Amino acid sequence: MIIKTYEVLESTNVTAKEEAEKGAEGGTVIVADRQTAGKGRRGREWNSPSGGNLYFSLLLRPDFEPDRASMLTLVMALSVAKALDGIVGKDCPRPEIKWPNDIVMNGKKVCGILTEMGLKQSAIDYVIIGVGINVCRQQFGAKLVDKATDLETLCGQKIQRDELLQRILEAFETYYTAFTKQGNLQGMQEEYNGRLVNLGREVCVLDPGGEFTGIAGGITDTGELCVERPDGIVTKVYAGEVSVRGIYGYV
Ligand code: BTN
């Protein structure tokens with residue numbers, strides 16, 4: 001594993017993509033202290049000030065079909081949650097996962113993951129998993145203050161981001177090995193569901209084909225969220241975004 005650290009980058013995902021296109025190996029990690037144009041999901045920005053947060057991107061060159069790549073985001077979410085277990089004190093809230101890949105503690109987001117893929121002749125050329133973790137104490141703007149928090153505020157302790165990164169990469173290696181062997185999430189499905197903040201809660205599925213609500217069950221071994229509608233029909237949600245009532249201020 002090669003770790004390249006920078007003081008400032010536009011976005012670690014962008015640099016990882018450039019490195020990938022220049023032939024960098026799978027396992028390359030790009031880390032920055034600050035990003036000038038950090039990218040979030042759905043075209044949003046990821047505010048990335050300097051001085052203690054963790055922003056990194058892991059480049060992978062997996063040898064499986066492109067439709068499997070979205071599962072890697074769930075593998076990384078579980079790896080982050082597991083790594084946080086070993087870092088935060090016992091009095092700190094348990095790291096949970098909001099499907100598919102936000103890490104939440106005490107109902108607020110502390111980590112976001114953005115996975116991007118490059119194809120060559122319809123096969124995967126590279127996958128980049130970008131991870132942003134709110135580590136140090138910070139002020140969130142009015143739009144985020146009810147939804148986001150940081151580890152130091154939550155846990156009242158100093159968090160070493162190098163150690164956190166190390167633990168995430170170690171956990172990822174273990175889960176990724178299981179994932180590539182089995183070709184799906186079977187080996188970690190139970191653990192993932194055990195951290196799923198949505199489990200048993202009412203969710204609103206923002207499906208392009210129409211919004212609906214239901215009760216979230218767990219994930220399938222391919223990472224879809226099972227949602228039981230009021231008529232008892234269970235829908236497996238793949239691409240739609242799920243918002244959860246009761247956390248993030250969604251009521
Ligand atoms: C989300 O919207 O929840 C995903 C946020 C992902 C942010 C990380 S920070 C490191 C990497 N580089 C980026 O530009 N984005 C990801």
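Order of appearance sets the numbers: ligands from 1, and atoms from 1 within every ligand. Predicted model only: the values in this text are computed from it and were never measured.
Annotation: Tyr55 places no N or O atom under 3.5 Å from an N or O atom of ligand 1; distance criterion only.
Checking side-chain atoms of Asn53 against main-chain N and O of Asp33 turns up no donor-acceptor pair under 3.5 Å. With hydrogens and angles ignored, the 3.5 Å screen pairs no side-chain donor or acceptor of Arg201 with any backbone N or O of Gly217. Listed for the Thr174 side chain is a donor-acceptor partner under 3.5 Å among the backbone atoms of Glu170. The backbone N or O of Glu173 lies less than 3.5 Å from a partner atom in the side chain of Thr177, making a donor-acceptor pair.
Distance from atom 5 (C) of ligand 1 to its nearest protein heavy atom, with residue and atom name: Trp46 CE3, 3.3 Å. Residue, atom and distance of the protein heavy atom nearest to atom 4 (C) of ligand 1 are Ile113 N, 3.5 Å. Of the protein's non-hydrogen atoms, the one nearest atom 11 (C) of ligand 1 is Thr12 OG1, 3.2 Å. At the top of the distance list for atom 9 (S) of ligand 1, counting protein heavy atoms only, stands Gln35 NE2, 3.3 Å. The protein atom (non-hydrogen) at minimum distance from atom 3 (O) of ligand 1 is Lys109 NZ, 2.6 Å.
If you look at Asn101 next to ligand 1, there are no close heavy atoms at all, none under 4.0 Å. Residue contacts with ligand 1, taken as heavy atom pairs separated by less than 4.0 Å, involve Val131 solely via the backbone atoms N, CA, C and O. Of the heavy atoms in Arg42, none comes closer than 4.0 Å to ligand 1.
Under a 4.0 Å criterion applied to the non-hydrogen atoms of Lys39, ligand 1 contributes the atoms 5 (C), 6 (C), 7 (C), 13 (C), 14 (O), 15 (N), 16 (C). If you number the atoms of ligand 1 from 1 as listed, the ones under 4.0 Å from a heavy atom of Gly38 come out as 14 (O). Taking a cut-off of under 4.0 Å to the non-hydrogen atoms of Arg41, the atoms of ligand 1 that pass are 1 (C), 2 (O), 4 (C).
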| Worked verdict on Ser79 versus Tyr176 for side chain to side chain donor-acceptor pair (under 3.5 Å) | CA-CA 9 Å; Ser79 308; Tyr176 184 61; over 6 Å; no

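The cluster map of Ile, Leu, Val, Met, Phe, Trp and Tyr, joined by side-chain heavy atoms under 4.5 Å apart, puts Met117 and Phe172 in the same cluster.
Checked against the 6.0 Å centroid criterion, the rings of Phe64 and Phe179 qualify as a close aromatic pair.
One finds a salt bridge joining Glu163 and Arg167 here, because a Lys/Arg side-chain nitrogen approaches an Asp/Glu carboxylate oxygen to under 4.0 Å.
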